[in-house]
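First the structure, in the form of structure tokens, and then the observations on it.
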Protein chains: 2
Amino acid sequence: MAKGISRQRIVQAALELLDEEGLEGVTARALAGRLGVRAPALYWHVASKQEILDEMATEVRRRMAFTLAAQPEPAGWREGLAAYARVIRAEYLLHRDGARTFSGARVTDPEVLRAQQLWMERWTRSGLELAHAATAVQLVTALVVGFVIEEQSIASTDRYLLTASDPAIAAEVPLVTAAGQHLVSDADQRFEDYLDVVLTGIAARVDAALPAD
Amino acid sequence: MAKGISRQRIVQAALELLDEEGLEGVTARALAGRLGVRAPALYWHVASKQEILDEMATEVRRRMAFTLAAQPEPAGWREGLAAYARVIRAEYLLHRDGARTFSGARVTDPEVLRAQQLWMERWTRSGLELAHAATAVQLVTALVVGFVIEEQSIASTDRYLLTASDPAIAAEVPLVTAAGQHLVSDADQRFEDYLDVVLTGIAARVDAALPAD
DNA sequence: ACCTGAACACCGTTCAAGT
DNA sequence: ACCTGAACACCGTTCAAGT
């Protein structure tokens with residue numbers, strides 16, 4: 001272990017701790033232990049635990065931005081939006097309870113905003129006007145966050161599918177049970193399915209606007 | 001105050017406490033204080049704080065189910081799905097951090113499942129086949145959860161829109177700033193907007209399947 | 001059956017003191 | 001400049017003891 005801790009090393013260790021122990025395992029003492037110091041030492045580098053959580057979220061958003069920037073220029077806005085959706089889902093999935101933990105966070109890094117600017121430019125360049133691009137990215141973001149939150153909460157719960165676990169009740173609500181089975185099926189495929197529906201909806205709106213241009 | 005506490009009164013008080021103080025204000029001691037007892041008394045009625053949180057989520061889901069059941073029979077699946085989306089958003093909005101707190105919860109009440117069965121029947125009756133109904137309700141649910149999480153996290157943060165607060169950076173990322181302004185605008189209207197896009201996407205899929213029937 | 005008092009092992013955070 | 005030891009006011013939870 002290199003001597004001396006830093007803001008960066010604290011955030012890095014906190015992300016590792018999150019993945020290994022879950023959010024409730026990210027305590028000042030555990031974090032300090034992993035870094036070879038005592039808990040109060042952290043407070044020389046950060047003002048509070050909340051600041052650490054904010055930095056963790058910013059770091060995740062930074063990685064999203066980098067991965068997006070490395071993406072090849074999409075053939076059209078539809079491919080670009082799909083790539084965007086897949087990247088942010090993948091980054092959230094990288095961390096335990098990632099969507100729940102990082103979605104609502106306040107990002108404080110100008111670098112992330114500059115990266116956002118980059119692909120907003122791409123989309124408007126590939127035929128989407130600004131109002132549509134803004135709607136589209138926020139809608140797709142909401143979809144990803146909602147989807148991954150459910151995805152990760154199922155993953156972290158044994159006792160989830162009560163429907164399947166209680167045959168007497170399951171028999172009473174056959175449609176819900178059948179729908180629930182549909183839900184357990186491959187998450188990647190379901191995600192692509194939902195994404196396609198949303199992109200089709202956006203396309204319909206874009207097409208409707210085109211003649212008026 | 002009626003003498004003696006109960007599971008129900010604990011959950012009711014916990015929901016009030018959540019709205020007044022936020023999730024971190026829902027502590028065993030505060031909860032007990034509100035009920036006129038000491039903290040250990042709670043543990044005669046519930047096994048753990050997690051059980052209280054689960055019950056709170058179940059209660060919210062129960063209210064959603066009741067409100068949905070009271071809804072008039074929709075003219076078609078599209079109106080039915082829109083009504084569904086509006087109801088669950090409204091119930092989440094009723095509680096501070098409602099979406100974040102209750103979305104991933106494990107519902108343990110058969111009553112809620114029976115209510116779900118009811119409107120799944122309605123939708124399949126009004127022209128949506130089961131696979132489409134399952135996709136539709138899960139997609140719309142993901143949208144609502146993702147949307148309201150962002151909606152409520154903006155509401156609970158002063159220092160959110162960094163974009164607007166730092167003119168130097170804002171000037172550097174004009175598209176992001178413009179999109180951000182679009183985001184601050186009326187949430188209800190944005191929600192209806194996104195919902196309409198999603199329903200249009202679902203309609204396209206349903207229409208495509210019809211000829212094949 | 002239902003509740004209290006005291007206690008246990010934890011939290012995040014502060015602060016004087018050390019180097 | 002950076003870290004520790006000791007402490008503070010909190011947590012959730014347990015348990016013997018009271019009624």
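Values in this document were obtained by computation on a predicted structure and should not be read as measured data. The chains referred to below are lettered A, B, ... by the order of the sequence lines, with proteins before strands, and numbering in each begins at 1.
With hydrogens and angles ignored, a donor-acceptor pair under 3.5 angstrom links the side chain of A:Arg29 to the base of C:dG12.
Rounded to an integer number of Å, the gap from B:Glu51 CD to D:dG12 P is 15 Å. Atom OH of B:Tyr43 and atom P of C:dC2 are 18 Å apart (whole Å). Distance, A:Leu23 CG to C:dG12 P: 11 Å, rounded to whole Å. Residue B:Arg38 contributes atom CZ, which lies 16 Å from atom C1' of D:dT19 at whole-angstrom precision. Distance CD (A:Gln50) to C1' (C:dC11): 15 Å, rounded to an integer number of Å. At whole-Å resolution of the value, CD1 in B:Ile10 and C1' in C:dC3 are 12 Å apart. The distance from atom CZ of B:Arg7 to atom C1' of C:dA1 is 16 Å, rounded to the nearest whole Å.
Residues A:Glu24 and A:Ala47 both approach DNA chain C. Their nearest nucleotides, taken by heavy-atom distance, put A:Glu24 toward the 5′ side.
Cation-pi contact between A:Arg89 and A:Phe147: absent, since separation from the ring centre below 6.0 Å together with deviation from the ring axis within 45° is not met.
Closest contact between the side chain of B:Pro40 and the listed nucleotides D:dC15, C:dG12, C:dT14 involves D:dC15. Closest to the side chain of A:Ala41, from the set C:dT13, D:dT13, D:dC3, is D:dC3. Comparing C:dT13, D:dG12, D:dT4 against the side chain of A:Lys49 picks out C:dT13 as the nearest. If you check D:dC2, C:dA1, D:dT13 against the side chain of A:Trp44, the one that comes closest is D:dC2. Among the nucleotides C:dT4, C:dC11, D:dC3, the one closest to any side-chain atom of A:Ile5 is D:dC3.
Across all strands shown, B:Val26 has heavy atoms under 4.0 Å from sugar-phosphate atoms exclusively, and none from any base.
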side-chain hydrogen bond (donor to acceptor under 3.5 Å, both in side chains), that's the test. Do B:Arg63 and B:Thr58 meet it? Break it down for me.
CA-CA 9 Å; B:Arg63 286 177 198 170; B:Thr58 301; over 6 Å; no
Would A:Thr67 and A:Arg86 satisfy side-chain hydrogen bond (donor to acceptor under 3.5 Å, both in side chains), going step by step from the backbone distance to the final call?
CA-CA 11 Å; A:Thr67 309; A:Arg86 290 182 194 118; over 6 Å; no
Derivation of the side-chain contact (heavy atoms from CB on, under 4.5 Å) call for B:Ile52 and B:Val26:
CA-CA 10 Å; B:Ile52 298 175; B:Val26 183; 5.6 Å; no
For B:Val144 and B:Val148, what are the C-alpha separation, side-chain angles and deciding distance, and is it a side-chain contact (heavy atoms from CB on, under 4.5 Å)?
CA-CA 6 Å; B:Val144 174; B:Val148 179; 4.0 Å; yes
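For the pair B:Gln116/B:Met64, no side-chain contact is recorded, criterion being any heavy-atom separation below 4.5 Å from C-beta on. Contact of the B:Ile88 side chain with the B:Val145 side chain is not registered, since no non-hydrogen atoms from C-beta on lie closer than 4.5 Å.
Here the side chain of A:Arg61 pairs a donor or acceptor atom with the backbone of A:Phe102 at under 3.5 angstrom.
Atom CD of B:Gln8 has 12 or fewer neighbouring heavy atoms from other residues, nucleotides or ligands inside a 6.0 Å radius.
Within residues 13-20 of chain B, no residue has any heavy atom under 4.0 Å from DNA chain D.
Regarding contacts with the backbone of C:dA1, every side-chain N or O of B:His45 stays at 4.0 angstrom or more from both OP1 and OP2.
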Intra- and inter-strand pairing of DNA chain C, written as dot-bracket with Watson-Crick and G-U pairs under 3.5 Å and | for the latter, reads ||.|||||...|||||.||
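The heavy-atom pair separating B:Gln152 from B:Gly98 by the smallest distance is OE1-N, 3.0 Å.
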